[in-house]
A.B. asks: 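Supplied in C-alpha cells, the structure appears directly below.
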Amino acid sequence: MNRPIVLKIGGSIITDKSSAVPKALPGTIERIAKEVAGASVSNPLILVHGAGSFGHSLAKQFKLKEQFDAKGLIETHRSVKSLNAMVVDALVSAGVPALPVHPLSCAMLKQGRISDMQTAPIYEMLNRGLVPVLHGDVAMDSMRGADILSGDQIVPYVARKMGAERIGIGSNIDGVLDNEGQNIPVVTPATFDGIRKYIGGSSHTDVTGGMLGKVQELVELAGMSGISSRIFDASAAGSITRFLQGETMGTLIQKNK
Ligand code: IP8
C-alpha cells in the first residue's frame, strides 16, 4: 500500500462558523466531495473534518473544556455526527467509497491529549480502497471524564501512526500569514518561534485554538517524523484538487533543511 495522504477540511469551510446554531454549507460540501472523487492520486486518502458551528458553540454552551457534562457530551457528539453524515453522504454520492469513523468510539484521551486510538480499522479500510472520514469530536478522558478532541490533534496522530506521505489542512485563509498579511511559503521548526507572534487564534467561537494550535501540532510532527503539511485556502473552487495533485500553494510546514 502507498503511504496515505491525510486531508483535513476545516469546519470554517463546510459550515457557517459565525452561526450560533449548526449551519452546514451543502454546496461547498458537494464541491469538495466532487473534487476528491475527481482527483487522480494513487495514495490512499484519510479525510478529517472540523466541527464548525456543529461543535464549537455547543462545547462552549456546556463548558465541555471545564467540566464533565453528560448531556453536553451527548448533544455535541450527536451534532458533529450529523455533520459527518452529510460529508460522508456527499462523498458517496460523488462516487467516493467513504465510511464514517467517529473518534468518540475509538480514541481515549488523558488530559485532553490522545492516549490511545484504535487505528486498525482505518488501516484495513485503506487497504481495501475505502476512505475513512474522521472529524473533530468529543471523547472520553481518563482524568477529566470527557474533553474536546479537535481534528487538529487527530490529523498528526493518525498521520504518524499510518506513516502518512503528506498532510493537507484546508483552511479559510491562505496558509500562515506574516504581520502584513502576506503568505509565508515555508515554516520549519527552526523558523516557527520567530513567526508564532503573527499567528492568531480563530475569528469565531473556537474551543480548540484556531490557527496557532494547528501550526504548532504540524511543526512538531515535521520535526519528529519528517511528515510535511500544507495549509491552504480550501474555500476556492479547485483547491482540493490542486492540493491532492501536489501543487505548491499556501504554506508548507516541513522539517529543518
Ligand atoms: O473543529 C472540535 O473539532 P475541530 C470538536 O476540528 C468540537 O477543532 C466538538 C468542538
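Quick note: residue numbers are just sequence positions, from 1. Counting starts at 1 for both ligands and their atoms, following the listed order.
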A.B. asks: T76 versus ligand 1: do any nitrogen or oxygen atoms come within less than 3.5 Å of each other?
C.D. replies: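 The answer is no, given that T76 and ligand 1 share no N or O pair closer than 3.5 Å.
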A.B. asks: Which ligand 1 atoms are under 4.0 Å away from a heavy-atom of G151?
C.D. replies: 3 (O), 4 (P), 6 (O)
A.B. asks: Do K65 and D147 sit within salt-bridge range, that is, some charged N less than 4.0 Å from a carboxylate O?
C.D. replies: yes
A.B. asks: I want to confirm something. Looking only at heavy atoms, which of H49, H56, K17 is nearest to atom 2 (C) of ligand 1?
C.D. replies: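 Of the listed residues, H56 has the closest heavy atom.
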A.B. asks: Could you tell me whether F68 atom CZ has more than 12 heavy atoms of other residues or ligands within 6.0 Å of it?
C.D. replies: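 More than 12 heavy atoms, drawn from other residues, nucleotides or ligands, come within 6.0 Å of this atom.
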A.B. asks: Evaluate G55 for polar contact with ligand 1, using N/O atom pairs at a separation under 3.5 Å.
C.D. replies: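 Not met; the criterion fails.
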A.B. asks: Can you establish whether the number of heavy atoms outside K63 located under 6.0 Å from its atom NZ is more than 12?
C.D. replies: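 No, the 6.0 Å shell around NZ holds no more than 12 heavy atoms from other groups.
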A.B. asks: What distance separates I14 CD1 from N84 CG, expressed to the nearest 0.5 Å?
C.D. replies: 8.5 Å
A.B. asks: Would you indicate whether R128, at its atom CZ, is surrounded by more than 12 heavy atoms from other residues, nucleotides or ligands within a distance under 6.0 Å?
C.D. replies: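 Open: at most 12 neighbouring heavy atoms sit under 6.0 Å from CZ of R128.
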A.B. asks: Say you draw a straight line from CD1 of I13 to CG of D233; how long is it, rounded to the nearest 0.5 Å?
C.D. replies: 6.0 Å
A.B. asks: Is there a nitrogen or oxygen of D137 sitting under 3.5 Å from a nitrogen or oxygen of ligand 1?
C.D. replies: no
A.B. asks: Taking a cutoff of less than 4.0 Å between a non-hydrogen atom of the residue and any ligand atom, is H135 in contact with ligand 1?
C.D. replies: no
A.B. asks: Hey, which atoms in ligand 1 end up nearer than 4.0 Å to a heavy atom of K8?
C.D. replies: 6 (O)
A.B. asks: For V215 and V176, run side chain to side chain contact (heavy atoms under 4.5 Å, CB included): C-alpha distance rounded to whole Å, both residues' side-chain angles, the deciding distance at 0.1 Å, then the answer.
C.D. replies: CA-CA 8 Å; V215 179; V176 181; 3.8 Å; yes
A.B. asks: List every atom of ligand 1 that sits less than 4.0 Å from any heavy atom of G50, numbering the atoms from 1 in the order shown and giving each element.
C.D. replies: 1 (O), 6 (O)
A.B. asks: Please confirm whether S150 comes within less than 3.5 Å of ligand 1 when only nitrogen or oxygen atoms on both sides are compared.
C.D. replies: yes
A.B. asks: Any N/O of G136 closer than 3.5 Å to an N/O of ligand 1?
C.D. replies: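 No, G136 has no N/O under 3.5 Å of an N/O on ligand 1.
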A.B. asks: Would you mind listing which atoms of ligand 1 come within a distance below 4.0 Å of any non-hydrogen atom of A51?
C.D. replies: 1 (O), 2 (C), 3 (O), 4 (P), 5 (C), 7 (C)
A.B. asks: OG of S228 to CD of E165: how many Å apart, nearest 0.5 Å?
C.D. replies: 8.5 Å
